[in-house]
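Index from 1, following the sequence. All heavy atoms count here, side chains included; hydrogens, waters and symmetry mates do not.
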Amino acid sequence: QVQLVESGGGLVQAGGSLRLSCATSGRTFSSYTTGWFRQAPGKEREFVAAISWSGDYTYYADSVKGRFTISRDNAKNTVLLQMNSLKPEDTAVYYCAYEAVVYSSYVGRGAEEYEYWGQGTQVTVSS
């Protein structure tokens with residue numbers, strides 16, 4: 001089974017930046033799409049951003065569009081989430097997730113379609 005480990009979370013002031021990293025190991029398939037999701041206390045899990053295996057196609061939630069950037073380094077088995085202009089409402093536990101794909105251009109946006117999940121990393125934005 002694929003193992004995912006998120007890192008890079010922490011405490012930052014509003015308007016600041018953080019970069020999250022998702023490292024993979026034990027992968028048994030050749031290609032996959034990667035998504036970032038988040039869950040705040042008392043809130044349901046929500047989609048944040050996703051990227052295709054090729055790295056050429058991305059999709060963002062409206063709430064983070066223009067502020068967050070997702071990227072992939074397949075040689076390092078790593079996906080990054082650069083978060084700029086952070087707001088207090090961005091405070092949540094952030095999870096990365098992977099699913100095997102047939103097409104390198106596919107971008108997975110639904111939580112239910114992802115099979116492999118990390119344990120999450122806490123992001124706290126103070127006002």
Side-chain angles (χ1 to χ4, degrees):
Q1 297 293 316
V2 173
Q3 302 292 319
L4 309 179
V5 180
E6 302 96 335
S7 62
L11 175 65
V12 65
Q13 293 182 332
S17 299
L18 284 174
R19 186 177 70 177
L20 305 184
S21 177
C22 178
T24 68
S25 64
R27 180 164 56 88
T28 60
F29 44 84
S30 59
S31 59
Y32 46 88
T33 182
T34 305
W36 283 95
F37 298 81
R38 66 187 183 187
Q39 186 167 18
K43 301 291 183 63
E44 294 185 353
R45 178 180 55 188
E46 66 174 341
F47 170 80
V48 176
I51 188 169
S52 65
W53 168 253
S54 67
D56 295 333
Y57 303 94
T58 59
Y59 191 83
Y60 299 92
D62 289 341
S63 60
V64 306
K65 185 178 180 181
R67 299 188 298 119
F68 291 10
T69 302
I70 188 170
S71 61
R72 179 189 295 281
D73 185 344
N74 289 348
K76 298 180 179 179
N77 294 321
T78 301
V79 172
L80 302 176
L81 183 68
Q82 178 67 45
M83 306 185 295
N84 298 325
S85 301
L86 284 163
K87 305 174 181 179
E89 50 264 44
D90 294 319
T91 296
V93 176
Y94 284 69
Y95 301 89
C96 66
Y98 282 42
E99 70 167 308
V101 298
V102 174
Y103 304 103
S104 62
S105 60
Y106 180 76
V107 180
R109 298 187 291 273
E112 289 73 18
E113 69 184 279
Y114 285 92
E115 182 176 3
Y116 305 102
W117 293 79
Q119 296 183 24
T121 184
Q122 177 70 48
V123 171
T124 302
V125 184
S126 62
S127 60

Validation row: Tyr60, Arg67 side chains within 4.5 angstrom (heavy atoms): no
Looking at Val101, is its backbone amide N or carbonyl O close enough to the side chain of Ser31 to form a donor-acceptor pair, meaning the two atoms are under 3.5 Å apart? yes
Which heavy atom of Asn84 sits nearest a heavy atom of Ser17, and at what distance? OD1-OG, 2.8 Å
Can you name the nearest heavy-atom pair linking Ala14 to Pro88, along with the distance? CB-CD, 4.1 Å
Evaluate whether atom CD of Gln119 has more than 12 neighbouring non-hydrogen atoms of other residues, nucleotides or ligands under 6.0 angstrom away. no
Does the side chain of Thr24 reach to within under 4.5 Å of the side chain of Tyr116, using non-hydrogen atoms? no
By side chain to side chain contact (heavy atoms under 4.5 Å, CB included), which residues pair with Glu113, not counting sequence neighbours? Glu99, Tyr106
Partners of Ser104 by side chain to side chain contact (heavy atoms under 4.5 Å, CB included), sequence neighbours excluded? Trp53, Ser54
Sorted by chain and number, sequence neighbours left out, side chain to side chain donor-acceptor pair (under 3.5 Å) with Thr58 holds for none
Once rounded to the nearest 0.5 Å, what's the spacing between atom NZ of Lys87 and atom OG of Ser85? 8.0 Å
Who else is in Trp117's hydrophobic cluster (ILVMFWY, side-chain heavy atoms under 4.5 Å, direct or via others)? Phe37, Phe47, Tyr57, Tyr59, Val93, Tyr95, Val107, Tyr114
Working to the nearest 0.5 Å, report the span between CG of Leu81 and OH of Tyr94. 7.5 Å
Inter-residue atom distance Tyr32.OH - Glu115.CD, 0.5 Å rounding: 14.0 Å
Pairwise distance OG1(Thr124) to CG(Asp90) - rounded to 0.5 angstrom: 11.0 Å
Is the backbone of Arg19 close enough, under 3.5 Å, to the side chain of Gln82 for a donor and an acceptor to pair up by distance? no
Looking at every non-hydrogen atom in both residues, tell me the closest pair between Arg72 and Val79 and how far apart they are. NH1-CG2, 3.7 Å
Would you say the side chain of Val64 lies within less than 4.5 Å of the side chain of Met83, judging by non-hydrogen atoms? no
Hey, could you give me the CD1/SG distance between Ile70 and Cys96, rounded to the nearest 0.5 Å? 9.0 Å
Apart from Leu11 itself, which Ile, Leu, Val, Met, Phe, Trp or Tyr residues share its cluster (side-chain heavy atoms under 4.5 Å, direct or through members)? none
Are Leu18 and Phe68 packed together at the side-chain level, in the sense that at least one heavy-atom pair is separated by less than 4.5 angstrom? no
For Ser71, the side chain to side chain contact (heavy atoms under 4.5 Å, CB included) test, sequence neighbours excluded, returns Leu80
Going by heavy atoms in the side chains, are Arg38 and Thr91 under 4.5 Å from each other? no
